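Everything on this sheet refers to the single structure shown next.
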Amino acid sequence: MSERGGALRMQFDQLMREVAKFGAVGGAGVVVNLAVFNLVRATTELPVVRASLIANAVAIVFNYLGYRYFTYRDRDKSGRTRQLSLFLLFSLVGMVIENGILYAATYGFGWDGRLQSNVFKFFGIGVATLFRFWSYRTWVFRAIPEEREEPDPAAESFLEHREPDAVGPRP
């Protein structure tokens with residue numbers, strides 16, 4: 001396998017591990033989100049979207065902890081305030097996506113049954129997850145740049161212009 005093919009395969013494997021970890025935390029977050037949503041719906045008279053917003057808030061806290069300390073624990077840890085701010089910003093956009101779908105189904109089409117609400121909440125979570133994966137890995141939990149050993153131009157210039165050694169030719 002060529003060096004480029006090996007590097008490409010390594011990047012692909014790393015992305016697949018990241019997707020698996022993101023999916024594990026996200027899957028647990030979906031369970032938390034749906035459990036809180038159904039608990040709030042069963043124990044209160046809150047409208048569907050308000051119950052969903054409460055469930056989202058709980059899931060966002062759960063997911064941040066999972067992503068920060070499991071999925072992206074090897075990522076840049078500097079600027080935690082910036083990181084948390086961006087996480088909340090993109091989570092809120094995801095919340096709008098998720099609850100926009102639920103709102104349209106509930107109030108636009110009148111699909112307000114327990115099963116219907118759960119189906120459209122789950123669908124909204126799925127659509128919002130695509131956005132969240134892209135935004136979290138691109139903007140929130142940024143990769144630490146790899147240290148590449150760059151040749152020192154001054155050293156190269158010195159080596160090119162030095163006198164040949166008595167011992168042997170220059171490199």
Side-chain angles (χ1 to χ4, degrees), residues 1 3-41 46-109 111 114-148:
M1 182 181 284
E3 184 177 316
R4 183 167 186 230
L8 193 59
R9 175 69 182 178
M10 195 167 70
Q11 285 178 332
F12 179 76
D13 289 345
Q14 183 177 358
L15 178 63
M16 289 300 99
R17 282 190 300 277
E18 181 181 337
V19 168
K21 287 179 175 183
F22 186 90
V25 171
V30 168
V31 170
V32 167
N33 195 334
L34 290 172
V36 172
F37 173 68
N38 284 295
L39 180 66
V40 171
R41 292 268 329 240
L46 286 175
V48 173
V49 175
R50 287 188 191 156
S52 180
L53 291 171
I54 291 168
N56 279 148
V58 172
I60 286 170
V61 171
F62 177 86
N63 287 347
Y64 178 77
L65 295 172
Y67 293 139
R68 171 70 272 155
Y69 297 106
F70 176 67
T71 305
Y72 297 113
R73 69 175 172 248
D74 61 331
R75 299 290 177 98
D76 187 12
K77 291 176 179 59
S78 64
R80 289 276 173 108
T81 302
R82 177 188 165 282
Q83 183 183 77
L84 183 57
S85 298
L86 286 173
F87 182 84
L88 291 174
L89 172 70
F90 292 124
S91 293
L92 290 174
V93 172
M95 184 186 281
V96 168
I97 293 168
E98 178 182 332
N99 289 292
I101 291 170
L102 182 61
Y103 182 90
T106 303
Y107 301 109
F109 296 103
W111 296 328
R114 189 166 303 282
L115 178 62
Q116 293 166 326
S117 293
N118 278 284
V119 166
F120 284 99
K121 178 153 179 67
F122 186 77
F123 179 69
I125 290 170
V127 173
T129 295
L130 296 174
F131 167 77
R132 287 176 176 136
F133 177 73
W134 169 80
S135 63
Y136 293 166
R137 79 181 307 265
T138 304
W139 299 102
V140 181
F141 302 108
R142 295 169 35 178
I144 298 172
E146 290 183 24
E147 300 260 343
R148 292 187 182 175

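Numbers here simply count residues along the sequence, with the first being 1. This structure is a prediction, so every number in the text was calculated from the model and none was measured.
Contact record, Gly94 with Ala128: O-CB, 3.3 Å, taken as the closest heavy-atom pair. Nearest heavy-atom pair across Phe37 and Ala51 is CD1-C, 3.9 Å. Considering every non-hydrogen atom in both Ser52 and Leu102, the closest pair reads CB-CD2, 3.6 Å. Heavy atoms only, all atoms of each residue included: Gly29 and Ala59 are closest at O-CB, 3.9 Å.
With a 6.0 Å radius and a threshold of 12 heavy atoms from other residues, nucleotides or ligands, Arg80 has its CZ atom above the threshold. Residue Phe131 places its CZ atom among more than 12 non-hydrogen atoms of other residues, nucleotides or ligands, all under 6.0 Å distant.
Taking the salt bridge (Lys or Arg N to Asp or Glu O under 4.0 Å) definition, one finds that Asp13 meets it with Arg9, sequence neighbours left out. Considering only residues two or more places apart in sequence or on other chains, Val19 meets the side-chain contact (heavy atoms from CB on, under 4.5 Å) condition with Leu15, Met16, Phe133. Partners of Arg68 by salt bridge (Lys or Arg N to Asp or Glu O under 4.0 Å), not counting sequence neighbours: none found.
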Quick one, Arg114 with Asn38, criterion side-chain contact (heavy atoms from CB on, under 4.5 Å). Give me CA distance, side-chain angles, the key distance, then yes/no. CA-CA 9 Å; Arg114 189 166 303 282; Asn38 284 295; 4.1 Å; yes

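The main-chain N or O of Arg132 is found under 3.5 Å from a side-chain atom of Ser135 such that the two form a donor-acceptor pair.
In this structure, Tyr67 and Lys21 have side chains that are not in contact, with every pair of non-hydrogen atoms separated by 4.5 Å or more. Contact check for Asn56 versus Asn33: side-chain heavy atoms found under the 4.5 Å cut-off. At a threshold of 4.5 Å between non-hydrogen side-chain atoms, the residues Val49 and Tyr107 count as touching.
Separating the CD atom in Gln116 from the CZ atom in Phe109 is a distance of 12.0 Å, to the nearest 0.5 Å. To the nearest 0.5 Å, atoms NZ (Lys121) and CD1 (Ile101) are separated by 11.0 Å. To the nearest 0.5 Å, atom CE of residue Met95 and atom CD1 of residue Ile125 are 11.0 Å apart. Rounded to the nearest 0.5 Å, atoms OG (Ser91) and CG (Leu84) are 9.0 Å apart. One finds the OG1 atom of Thr81 at 9.5 Å from the CD atom of Gln83 (value rounded to the nearest 0.5 Å). How far CG of Leu65 is from CZ of Phe70: 13.5 Å, rounded to the nearest 0.5 Å.
Relative ring orientation between Phe123 and Phe120 is described as perpendicular, the plane-to-plane angle rising above 60° on a 0-90° scale split at 30° and 60°. Taking the six-membered ring for Trp and thresholds of 30 and 60 degrees, Phe87 and Tyr64 have ring planes more than 60 degrees apart, a perpendicular arrangement. By the 30° and 60° cut-offs, the orientation of the rings of Trp134 relative to Phe90 is perpendicular.
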